[in-house]
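I have placed the structure first, in the form of structure tokens, so that the comments after it can refer back to it.
Naming convention: chains lettered A, B, ... in sequence-line order (proteins, then strands); numbering from 1 in each chain.
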Amino acid sequence: MSVQSTDLCVELSTILVKCLTSGRTDDALSAIYNAKYDQCLKDRSLDIIPSISKFLIQETIDNSPEVFDCCETLLKEIAQKANPEEALLEFLEQAENLDDDVKFLALLKPLQIVLFKLPNRRGQSLEWCLHMIRFHVTSLPVPKSHRLEGEERKLLDSDPCICRITNVYKGVLDFYKPFVNEVSLRQKAEYQKNTQRNMLVCFIFQLLRQPLAILDLECDGKSSSATRFVAEELLTFLSHLVGDLMIFLEYAETREMEKSGKNENNFATQSDDEIPILSVAVLYYLILGEHIQLNEVPCVYSPLYIFQRSLYLVVVLLKHLEELVVRKGLLLANAILAMLSEGSVPYTLLESPVHKEFVESLSKVMIYCDVENFRKYAVPLLRSYLFKFDVKGQYLLMSNLPAVVNHAGIMGYLIMLLKDMIINTLDSDLISPFFTGKALYDLISEYCSLSHGVETDLIENADQIISALNLIRFLSLRDQKNKTGMWDYVGVLEESMLEPLREGIKLSRAHYKLKLRDLEEEKRNAVLNDKGRISKSDVTITVGGQQLPNLPYENKVAVIMSALNAFDLMESLLSRVNECIDSGPLKS
Amino acid sequence: MDAEMTGATETILSPSSTAVDISPDKDCGILKEIIKEGDGIETPAHGSRVFVHYVGTLTDGTKFDSSRDRGKPFEFNLGKGNVIKSWDVGVATMKKGEVAVFTCKSEYAYGKNGNPPTIPPDATLIFEIEVIDWTGEDLSQKKDGGIIRYQITKGEGSSTPNEGAIVEVTIVGKHGDRVFEERELSYPLGEGSEFGICDGLERAIEKFRKGEKSRIELKAKYAFKEEGNSELNIPPNADIIYEVELKNFEKAKESWSLDSAEKIEQAKFFKEKGTNYFKTEKYPLALKMYKKVVSFTEFDSGFQGDLDTERKALLVVGYLNLALCHLKLQDHVEARDQCDEALKLEPSSEKGLFRRGQANLGLGEPERAKADFEAVLKLEPNNKAAANNVILCNKKIKEQEGREKKIYANMFEKFAQRDREKEEEWRRNQPDVMKTLGEWGQDEREREMTDFERENPNILMLNSTSDEFKNM
């Protein structure tokens, strides 16, 4: 390299820095357009780029936006004139700055220009850029969980973290666009294998994961979140790249198989997570749940196939902790269930272990999810899911569910569903062998029983017990002709459930009454403080196996009273059931 | 060609009289009309990966979907239920290059639900399909084309063997034109290595239905890899072809899809299998079978009355036989644990006690073993084997005592020795208090006295003159 060129280069750098510092943007521009520097721009972009890019900071935007604009123009010009390989490396290095989006975003355009100057050898360079972008995007800080319910979710759009994320994504989309268009199938591009296309697909999937997966991507007709726009664009890109968006369901299947075979099979341990499964789940949530690009999806896939494949994705989503991911799982589940008509899913599908996982994770949401809306949303999903199966499927699910859910509330709910299934059986002309006779009895004895006989904690299991009593009463009234064959088992049922329950109520009531007396005694003996209240109570109450924290007297009394009420309710139901049974047709 | 196409468009709205009913029930649900004849006679087999272009239209002429608009042929696996029924049935009748129009009633399409937003409820759909090509089905997990299946005869039903299922297969292996093996065998899927079945073939058989016959093309890495197989005269890195027929299989059932009676049935089935393997001394296999017996019977939900009694009996047998297999395999810890499980359910199981005794003996615990054997004798005083084992235990206990005496005799001396060594080492490792203090003292001396020290010289218990610090 000639001394002269080196000198010129130093000269140019100095001029540029001086001009930019003092805000003389026109001079800076005329310097860069000056042909005498062309050679040095070509050879020495490495040295010139940093001296300009250091102005790419928030401060410049705030104080002198025209300088910032000028910097951008300068860099674009350099990108045009420089040796592309060298400039690429320098731009990449400058852009790798995680604290600052300003510089990152401003450098995307020159990077794009440089890449377009490398049409034949672009592969590796593009991959570097996409890597850098992915790294920047996935490292963005995410908003804290707000547990926002309903309308409150709209507030998320003003969260600073989310604004930042949306902003970065928008810049990234602009960067992707021309590369996507270049190989888009819509532009009559060859559909045969293409490295650039595959690479773009892989990286778009990366962008669908963190942080997009944990943001609100919903649209309620009127307003949609700012991040949704990003999701829509990404899906448009994908659709242009691969044509049939449903093709990734096959990928989901492969992953599902891998997972189920993991324990025995070393075949499956492939760690190159080119397409993260969470991204696939988000993709299908967006297509099926949010109807993004749904019009472009081939209209020949069988809904059952989509259901089967997506169920695994629902499980993936539901198992996440972030509530907006869980919500996506619920919405996807809702969407795939809506595609099917009742009774249309054959029981043979249950061979796949994914069904157990689905029910497990769904019931976890029903019980433990922090957001009340989600818990409530999950409940009818379970019902909808069960009724999509054929009768044998429903029966198999019902008989296996108690081992999975094990929660009195859900058990109570399932008993209600069982009642509906029995009604369906009674209403149909063809009596199915599943909700009648011995099979039905097996089910009923599973659901209508006291887990610890007389000593069962009636308060903890109140939901289940009351539902169970209702079911028995319903059956005895509805099935007077013994169509279900229930009356043959009434004796056994009395022995295993009704008798111990009567005894249990007696014992529990006595126990709680005793506690009440203790409390009253304590009150009489206690020293009243100045407000006339008892500050502390030493009588302990245990509900559901857990001792209540030391509550004030009034609360304890309230707890006991509500328990006593529950016993009354159970008792009245029980006697009603007994009446029905006694006046039943086949009771000898 | 173009003219033909437009001609087809006009007839789309109502199928012409030349349309053929190809629906399986002959209910006119799928009508097919050939627009352009294809080549040859071959049609894609079940499972093939088929590439087509298509245009879908409603009866009112609205185009709702077209692969051409997406710029890429549509591809799918035929006959897997991945697409609507009319497609699985229809495309299977087409030859390469053929163009046909299918008129599909909603029962064979999207039914009364429709497919929002594009397909209304109960809609009849019209598809013009052109079959471009097809390939065998890629069965490899990584979809790298390493295991390709070409179906010759379609199997029946929908179920396929899973890991652990006993499959009965006929295989013919070819390397180029040379047949290198031809045999019939029955083995549990997943243990192919024991039976000379390579990874790729195993993976393929997993996807077979009963009665299916297919050609499986394997890349070397799924077959004999870079090692090749000298016995079969397969060179390194050779791609090979198998022709496989799955004659029958006994599925290893997922216990979720079974009701209680079926679970018992499965458990019995595997008990039989296990016993057969046990008799022929294939203990690892027998072990696998008995494990299944346990897995089908270990949870009691849904079992009632007689069935529950049977379940318990099977479970106990399962545990006991597992124990026996473990004993044969010299895995005494496992054997003992299995006996414990069995005895939990049936505390007075003679076999359980006896086998636990053997396990304990194997573990070098003759005292415990003796207790077990004595318990057997209590239940059945005439059990000679147990009586003999008690004698054996006594002998072992004595031996052990003798040995222990020897060990213990030296032990105290040894311990004492070791303690001394330890103490010595500890001492060595202790910092020399005096020395380090000296060093520390050195520091002290080198620094100037603080004001505090000057004012309170006694605090360091030295004489009050400042000089003494320096010369300590």
Closest non-hydrogen atom pair, B:R70 against A:L185: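 For B:R70 and A:L185, the tightest heavy-atom pair comes out as O-CB, 3.3 Å.
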First locate atom [atom1] of [X], then atom [atom2] of [Y], and finally report the distance between them rounded to the nearest 0.5 Å.
{"X": "A:E351", "Y": "B:T160", "atom1": "CD", "atom2": "OG1", "value": "7.5 Å"}
{"X": "B:D138", "Y": "A:E250", "atom1": "CG", "atom2": "CD", "value": "10.0 Å"}
{"X": "A:D244", "Y": "B:E75", "atom1": "CG", "atom2": "CD", "value": "8.0 Å"}
{"X": "A:E253", "Y": "B:N77", "atom1": "CD", "atom2": "CG", "value": "8.5 Å"}
{"X": "B:N82", "Y": "A:L249", "atom1": "CG", "atom2": "CG", "value": "9.0 Å"}

query: More than 12 heavy atoms of other residues, nucleotides or ligands under 6.0 Å from NZ of B:K225: is that the case?
result: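 It does: B:K225 NZ has more than 12 such atoms within range.
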- prompt: Has B:K85 got more than 12 heavy atoms of other residues, nucleotides or ligands less than 6.0 Å from its NZ?
  reply: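 Atom NZ in B:K85 is not crowded, with 12 or fewer foreign heavy atoms closer than 6.0 Å.
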message: Quick check on B:K112 against chain A: is it the side chain, the backbone, both or neither that has a heavy atom closer than 4.5 Å?
response: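 Side chain only.
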task: Examine whether an atom of B:D88 lies under 4.5 Å from a heavy atom of chain A, and if so say whether it belongs to the side chain, the backbone or both; otherwise answer neither.
output: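 It is neither, since no heavy atom gets under 4.5 Å.
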message: Taking side chain as everything from C-beta outward and backbone as N, CA, C, O, which of these in A:A338 sits under 4.5 Å from a heavy atom of chain B? Side chain, backbone, both or neither.
response: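 Contact with chain B involves the backbone of A:A338 alone.
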query: Side chain, backbone, both or neither: which part of A:L304 has a non-hydrogen atom closer than 4.5 Å to chain B?
result: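 Neither part, no heavy atoms under 4.5 Å.
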message: Main chain of A:M339, side chain of B:N113: is a donor-acceptor contact present, judged purely on distance under 3.5 Å?
response: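 Confirmed, B:N113 side chain pairs with A:M339 backbone.
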- prompt: Would you say B:Y110's side chain and A:V300's backbone share a donor-acceptor pair under 3.5 angstrom?
  reply: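 Yes, the answer is positive, given that a donor and an acceptor are paired below the 3.5 Å cut-off.
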task: Give the member of A:Y305, A:F434, A:Y441 that has the highest number of heavy-atom pairs under 4.5 Å with chain B.
output: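 Among the listed options, the one with the most contacts to chain B is A:Y305.
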- prompt: Who wins among A:L340, A:V492, A:L349 for the most heavy-atom pairs under 4.5 Å with chain B?
  reply: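 Of A:L340, A:V492, A:L349, A:L340 has the most heavy-atom pairs under 4.5 Å with chain B.
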query: Looking at B:I119, B:L125, B:I84, which hits side-chain contact (heavy atoms from CB on, under 4.5 Å) with A:C299?
result: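 So, applying the side-chain contact (heavy atoms from CB on, under 4.5 Å) to A:C299 and each of B:I119, B:L125, B:I84, only B:I119 qualifies.
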All pairs passing side-chain hydrogen bond (donor to acceptor under 3.5 Å, both in side chains) where residues 289-300 of chain A contributes a residue, at least two apart: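 Every pair satisfying side-chain hydrogen bond (donor to acceptor under 3.5 Å, both in side chains) with a residue in residues 289-300 of chain A: A:R186-A:E296, A:R228-A:E290, A:T236-A:Q293, A:S239-A:Q293, A:Y285-A:E290.
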field: Pairs of heavy atoms under 4.5 Å with chain A: top-ranked of B:F76, B:F64, B:F74, B:W87
entry: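 Among B:F76, B:F64, B:F74, B:W87, the one with the most close pairs to chain A is B:F74.
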